[in-house]
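Residues take their numbers from the sequence shown, with the count starting at 1.
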Amino acid sequence: MKTPKYFSAWFDGWPELVCLDLDGTLVDSVPDIANAVDAFLAEFGAALAGEEQVRAWVGFGSAKLIDQALEWASIDPSMHEEAYRIFLIHYRAHLTDKTTLYPNVKELLKAFKHQGVPIALITNKPSVFVKPMMDYFELTEQFGWLLGGDTLEEKKPSAIPLLHCSESIEALPEKCLMIGDSITDFKAANNAGFKCALVTYGYHQGIDLTSLGADAIIDDLTELLV
């Protein structure tokens, strides 16, 4: 396979490491996340947020998501711990009921594996959910690293998770790529000195991706392989 145009321009060859976000990049997990949010809202006798509202909140980690939902429902912030407990129990039980892979995820991973490119999954989702979800979609073996938001001392947008992976294989940051869907991923890539590609179909938190200055904005993951 010839070197794709983006990689030829950025790296003069294939990247030394590719880091991938999970929610909004590889999977559409909002339907199940929204149901877990609504589970604790219902427990508190509040109105249900619903999938569309939760879709606008996702991307900053579960703790922030709970804070946003509590504020939206005018529930005392002191209920955070109980809300989070209910959320985690419900989400663990229904992790992949309605979650789906986005198009061409397996094709992209297969291409990187064929070229011997190491791949890391770097998400702000609690780590307890990461491997079960990857196991469900039969993707676990594609990744050299599965990093959740609580795996290391810092999470995205910190550079630490990205550099943890690149330094472990002595990959140069400027030869590495972060693929995500949000300003969180862009800032993590920028902080680490990685190239960054953002997908248009994910969870943007109301931010215009074109305003960020990412190296590529793509509608489909396979655009990176052209």
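With sequence neighbours excluded, the residues forming a ring pair (Phe, Tyr, Trp, His ring centres under 6.0 Å) with W10 are Y6, listed by chain and number. Residues satisfying the side chain to side chain donor-acceptor pair (under 3.5 Å) test with E82, not counting sequence neighbours, are R85. Residues meeting the side chain to side chain donor-acceptor pair (under 3.5 Å) test with S78, sequence neighbours left out: D76. Considering only residues two or more places apart in sequence or on other chains, Y91 meets the side chain to side chain donor-acceptor pair (under 3.5 Å) condition with K125. Residues satisfying the salt bridge (charged side-chain N to carboxylate O under 4.0 Å, His left out) test with D21, not counting sequence neighbours, are K156. Applying the side chain to side chain donor-acceptor pair (under 3.5 Å) criterion to T200, with sequence neighbours excluded, gives D219.
For the pair T3/F11, no side-chain contact is recorded, criterion being any heavy-atom separation below 4.5 Å from C-beta on. Side chains of L22 and M133 form a contact here, defined as non-hydrogen atoms less than 4.5 Å apart. Side-chain contact between F44 and I86: present, with at least one pair of heavy atoms (C-beta onward) separated by less than 4.5 Å.
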(request) Assess whether side-chain contact (heavy atoms from CB on, under 4.5 Å) is satisfied between L146 and M134, documenting all intermediate values. (result) CA-CA 9 Å; L146 296 175; M134 291 297 93; 4.1 Å; yes
(request) Would you sort out whether D181 and L198 count as a side-chain contact (heavy atoms from CB on, under 4.5 Å), showing the intermediate values? (result) CA-CA 5 Å; D181 67 318; L198 297 176; 5.8 Å; no
(message) Working note: S182 + Q205, criterion side-chain contact (heavy atoms from CB on, under 4.5 Å); need CA distance, chi angles, decisive distance, verdict.
(response) CA-CA 7 Å; S182 70; Q205 300 144 3; 3.8 Å; yes
(message) Set out, in order, the CA-CA distance, both residues' side-chain angles and the distance that settles side-chain contact (heavy atoms from CB on, under 4.5 Å) for F40 and Y84, then state yes or no.
(response) CA-CA 8 Å; F40 77 73; Y84 203 8; over 6 Å; no
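Cluster membership check: L221 shares its hydrophobic cluster with L121, using side-chain heavy-atom separations under 4.5 Å among Ile, Leu, Val, Met, Phe, Trp and Tyr. Under the 4.5 Å side-chain heavy-atom criterion for ILVMFWY residues, a single connected hydrophobic cluster contains both V37 and V27. Two different hydrophobic clusters hold F143 and M178 under the rule that ILVMFWY side chains link at heavy-atom gaps under 4.5 Å. L20 and L177 end up in the same hydrophobic cluster when Ile, Leu, Val, Met, Phe, Trp and Tyr side chains are linked at under 4.5 Å. When the side chains of ILVMFWY residues are joined at heavy-atom separations under 4.5 Å, either directly or via intervening members, L147 and L26 end up in two distinct hydrophobic clusters.
The aromatic rings of F7 and W14 lie tilted to each other, with the angle between the two planes from 30° to 60°.
To the nearest 0.5 angstrom, T210 atom OG1 is 7.5 Å from L212 atom CG. In this structure, I169 CD1 and E16 CD are separated by 7.5 Å, a value rounded to the nearest 0.5 Å. Taken to the nearest 0.5 Å, the CD atom of Q142 stands 14.0 Å off from the CZ atom of F137. Atom-to-atom distance recorded for L95:CG and H90:NE2 is 12.0 Å, nearest 0.5 angstrom. The OH atom of Y203 sits 12.0 Å away from atom CG of D185, with the distance rounded to the nearest 0.5 Å. If you take CH2 on W145 and OG on S166, they are separated by 8.5 Å, rounding to the nearest 0.5 Å.
Without hydrogens or angle criteria, D23 side chain to S29 main chain gives no donor-acceptor distance under 3.5 Å. Within the 3.5 Å criterion, the main-chain N or O of F186 finds no donor-acceptor partner in the side chain of N190. Remark: the backbone N or O of T25 is paired with a side-chain donor or acceptor of Y201 at under 3.5 angstrom. Judged by distance alone, the side chain of K175 and the main-chain N or O of L17 form no donor-acceptor pair under 3.5 Å.
The two residues A49 and L41 make their nearest non-hydrogen contact at N-CD1, 3.6 Å. When all heavy atoms are compared, the tightest approach of G148 to V130 is CA-CG2, 4.2 Å. C176 and L172 make their closest contact through SG-O, 3.2 Å (heavy atoms, listed as atom of the first residue, atom of the second, distance).
In the displayed structure, D12 atom CG is contacted under 6.0 Å by at most 12 heavy atoms of other residues, nucleotides or ligands. Atom CD of E153 has more than 12 heavy atoms from other residues, nucleotides or ligands within 6.0 Å.
Applying the salt bridge (Lys or Arg N to Asp or Glu O under 4.0 Å) definition to pairs two or more places apart or across chains, those involving residues 27-43 are D28-R55. The salt bridge (Lys or Arg N to Asp or Glu O under 4.0 Å) pairs that include a residue from residues 195-213 are K195-D215, where partners are two or more places apart or lie in different chains. Counting only residues at least two apart or on different chains, the salt bridge (Lys or Arg N to Asp or Glu O under 4.0 Å) pairs with a member in residues 131-142 are K131-D135.
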Check: residues 60-71 side-chain donor-acceptor pairs under 3.5 Å, at least two apart:
residue	atom	partner	partner atom	Å
D67	OD1	H80	ND1	2.8

What pairs of donor and acceptor atoms, side-chain ones from residues 157-165 against any protein atom, are under 3.5 angstrom apart with sequence neighbours left out?
residue	atom	partner	partner atom	Å
S158	OG	E154	OE1	2.7
S158	OG	I160	N	3.0

Contacts table for residues 100-112: side-chain donor-acceptor under 3.5 angstrom, sequence neighbours left out:
residue	atom	partner	partner atom	Å
N104	ND2	D220	OD1	3.0
N104	ND2	D220	OD2	2.9

